[in-house]
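Keep in mind that the numbers below use all heavy atoms, side chains included, and drop hydrogens, waters and symmetry copies.
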Amino acid sequence: MTAPIPLEEAWTRLLAMITPLESEMVAVDDAVGRVLAEPLVARRTQPWADLSAMDGFACAGEGPWRITGESRAGQAFDGVVTSGEAVRISTGAAVPEGADRILVVEEALVEGHELAATEAPEPGRHIRRRGFDFASGDILMEAGQRVSPAGLALARASGNGTLTALRAPRVTLIECGDELVADPLECPDDRLPASNGAMLGAMASQAGAIVQRIGPVADRKSALREAFETARGNDLIVTMGGASVGDHDLVKPVLEELGAELTFWRVAIRPGKPLLVARWEGTLILGLPGNPVSSFVTGKLFMLPTIGVLSGEARPLPVPIPIPLRGSLPEGGPRREFRRARLVDGEACPIEQRDSSALRALAQADLLIDRPAHAGEAKAGTPVPCYWIANGANA
Ligand SMILES: Nc1nc2c(c(=O)[nH]1)N[C@H]1C(S)=C(S)[C@@H](COP(=O)(O)OP(=O)(O)OC[C@H]3O[C@@H](n4cnc5c(N)ncnc54)[C@H](O)[C@@H]3O)O[C@H]1N2
Ligand code: MOO
């Protein structure tokens with residue numbers, strides 16, 4: 001048996017075997033979660049004219065002024081404002097030609113058509129200049145960027161109805177184990193409701209994948225082989241469980257029988273050591289360990305980046321954020337460890353429970369603290385690298 005490889009080497013070898021998928025046109029309203037294949041270019045200028053940022057009066061020169069009309073959002077004043085004149089204006093309405101300052105309603109004294117100010121408005125104040133946000137032809141988002149809800153709004157505001165994105169990856173998740181039961185309401189005491197498929201399925205969907213789930217599959221080679229055949233042709237197959245060295249751990253032997261090419265097996269991380277990466281025809285295979293926390297951590301560290309590269313993400317690997325430690329951490333062990341932690345008052349507070357089957361502690365964790373192998377003791381207040389996992393009270 002070969003020794004587990006370091007995480008960085010595992011990432012390098014995994015990323016090297018993934019090719020991004022093809023691109024297609026997508027309606028912007030369906031584009032959230034998709035990754036741009038081409039930059040998003042503005043097709044209009046925003047704002048289209050100088051606009052008022054406040055409700056009040058667009059004034060020319062220092063007051064007092066005479067009110068000569070109104071400019072509303074969507075219905076601009078079509079005259080010119082000359083010195084000593086003003087028009088009523090609403091937020092988002094065009095500032096008429098000649099007006100050089102906005103007097104807000106709260107500081108206006110109106111008597112009939114006469115207008116004075118309790119506070120003299122500064123020239124230029126509360127005016128949003130034409131094109132200050134973006135101008136037609138500007139690149140607003142780069143290829144490789146995932147479209148967020150704000151990105152969708154930007155695409156619409158910039159006059160785009162479609163964009164070019166990579167196809168969403170098709171991912172099949174297979175969970176295996178004789179002890180697993182699909183229906184949590186119908187689970188005898190000596191069995192276990194399957195939970196990893198649902199958890200990893202939700203993570204994959206959130207990452208933009210089209211998810212199919214198979215299982216729970218019995219610990220029989222023929223059953224597992226059949227599951228792989230059903231998933232054949234997908235972009236990615238993720239198995240959970242059966243990845244270790246027990247007599248019933250069948251993922252590796254079945255993949256070998258199917259003629260899959262094993263890229264590596266076992267990574268020097270805790271939890272998650274028995275991770276397997278292979279390729280079967282054009283399909284990538286990730287074999288995640290079955291312990292639920294191990295499944296989650298390897299899902300975060302390997303499945304999501306794989307989906308990220310397939311989807312076209314420019315930066316698929318998780319980015320650590322340094323967060324000061326609450327309390328201290330003892331010296332690290334021989335395996336690089338991902339410790340669950342809560343975010344409390346801006347500090348990373350490690351959760352005592354480290355067992356890789358403990359789902360309650362996982363569901364309470366906001367963060368994974370990345371502890372290098374043989375790390376020295378970390379004292380209270382030391383910034384430690386953390387990955388945001390959004391499970392806990394701050395999700
Ligand atoms: N002799 C050794 N034994 C084990 C080693 C080792 O190096 N030598 N590694 C341990 C580590 S670390 C892990 S992690 C596990 C991984 O085992 P498998 O991937 O083969 O997973 P299983 O044995 O099938 O299951 C482990 C555990 O998780 C539960 N499980 C599995 N699938 C699901 C699911 N879909 N939903 C909920 N829970 C699931 C399963 O019931 C087991 O309790 O191996 C160690 N052993
Ligand atoms: O490495 Mo296993 O994933 O700890 O329980």
Side-chain angles (χ1 to χ4, degrees), residues 7 11 32-33 146 148-150 173 175 184 192-209 211 213 238 240-241 267 269-273 275 286 288-308 313 315-330 332-333 335-372 375 377-395:
L7 177 59
W11 270 336
V32 170
R146 205 174 269 280
S148 63
L173 299 153
E175 45 190 341
L192 180 69
S195 56
N196 288 345
M199 174 171 66
L200 273 290
M203 290 162 73
S205 298
Q206 277 179 5
V211 173
R213 283 176 49 202
V238 180
M240 291 146 283
V267 182
I269 54 172
R270 174 185 177 184
K273 183 176 68 172
L275 176 90
L286 291 179
L288 311 187
N291 276 316
V293 182
S294 315
S295 260
F296 179 90
V297 169
T298 48
K300 167 85 180 164
L301 297 178
F302 291 94
M303 182 187 74
L304 295 185
T306 302
I307 292 173
E313 264 181 26
R315 284 171 289 278
L317 293 177
V319 178
I321 315 159
I323 300 181
L325 194 61
R326 167 166 291 212
S328 60
L329 275 177
R335 262 196 281 166
R336 181 168 174 178
E337 184 174 3
F338 291 87
R339 286 276 310 246
R340 280 136 277 163
R342 289 193 189 85
L343 184 69
V344 180
D345 298 333
E347 291 179 324
C349 181
I351 294 173
E352 277 303 311
Q353 180 56 266
R354 293 157 74 190
D355 192 293
S356 60
S357 68
L359 266 173
R360 177 152 62 157
L362 178 67
Q364 290 170 343
D366 304 294
L367 307 165
L368 291 176
I369 302 176
D370 186 351
R371 291 285 288 155
E377 183 197 347
K379 296 217 159 56
T382 320
V384 284
C386 294
Y387 296 98
W388 183 247
I389 54 172
N391 286 341
N394 297 295

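For Glu352, the CD atom is loosely surrounded, since the number of other residues' heavy atoms within 6.0 Å does not exceed 12.
Remark: side-chain polar atoms of Glu175 are paired, donor with acceptor, to backbone N or O of Gly197 under 3.5 angstrom. Under a 3.5 Å cut-off, the side chain of Lys379 and the backbone N or O of Leu329 do not form any donor-acceptor pair. Side-chain atoms of Trp11 come within 3.5 Å of backbone atoms of Leu301 as a donor-acceptor pair (strictly under, hydrogens ignored). Asn196 places a side-chain N or O within 3.5 Å of a backbone atom of Gly290 that can act as its donor or acceptor partner. The main-chain N or O of Arg339 is never found under 3.5 Å from a side-chain atom of Arg270 such that the two would form a donor-acceptor pair. Judged by distance alone, with hydrogens and angles left aside, the side-chain atoms of Thr298 form a donor-acceptor pair with the main-chain N or O of Ser294 at under 3.5 Å. Remark: the backbone N or O of Val293 is not paired with any side-chain donor or acceptor of Asn291 at under 3.5 angstrom. Side chain of Asn391 to main chain of Leu362: a donor-acceptor pair is present (N/O by atom type, distance under 3.5 Å, no hydrogens or angles). In terms of modelled atom types and a separation under 3.5 Å, the side chain of Arg326 and the main chain of Glu347 share no donor-acceptor contact.
Note that the OG atom of Ser295 and the NZ atom of Lys300 stand 15.5 Å from one another [nearest 0.5 Å]. Expressed to the nearest 0.5 Å, how far OH of Tyr387 lies from CD1 of Ile321 amounts to 10.0 Å. Taking SG of Cys349 as the reference point, atom CD1 of Ile323 lies at 12.0 Å (rounded to 0.5 Å). The structure places CG of Leu343 at 5.0 Å from CG of Asn394, a figure rounded to the nearest 0.5 Å. Going from atom CD of Glu313 over to atom CG of Leu304 covers 9.0 Å, rounded to the nearest 0.5 Å. Rounded to the nearest 0.5 angstrom, Asp366 CG and Arg342 CZ are separated by 8.0 Å.
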Q. Can you list the steps and then say if Leu275 with Met303 is a side-chain contact (heavy atoms from CB on, under 4.5 Å)?
A. CA-CA 11 Å; Leu275 176 90; Met303 182 187 74; over 6 Å; no
**Asked** Run the side-chain contact (heavy atoms from CB on, under 4.5 Å) check on Phe302 and Val267 step by step: do they pass?
**Response** CA-CA 11 Å; Phe302 291 94; Val267 182; 4.2 Å; yes
Quiz prompt | side-chain contact (heavy atoms from CB on, under 4.5 Å) evaluation trace for Ser195 with Leu359 | solution = CA-CA 10 Å; Ser195 56; Leu359 266 173; 3.8 Å; yes
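In terms of heavy atoms, Val384 sits closest to Ala348 at CG2-CB, 4.5 Å. Here the closest non-hydrogen pair linking Pro383 and Pro322 is CB-CB, 4.1 Å. Between Pro271 and Ser356 the shortest heavy-atom distance is CB-CB, 3.8 Å. Residues Ala209 and Ile307 share a closest heavy-atom pair of CB-CD1, 4.1 Å. Scanning all heavy atoms of the two residues, the minimum distance from Pro292 to Ser357 falls at CD-CA, 4.0 Å. For the pair Ser205 and Val211, the tightest heavy-atom approach, listed with the atom from each and the gap, is OG-CG2, 3.6 Å.
In this structure the side chain of Phe338 never reaches within 4.5 angstrom of the side chain of Ile369, judged on heavy atoms.
By the side chain to side chain donor-acceptor pair (under 3.5 Å) test, Arg336 pairs with Glu8, Asp370, sequence neighbours left out.
In this structure, a donor-acceptor pair under 3.5 Å is absent between the side chains of Gln353 and Arg340.
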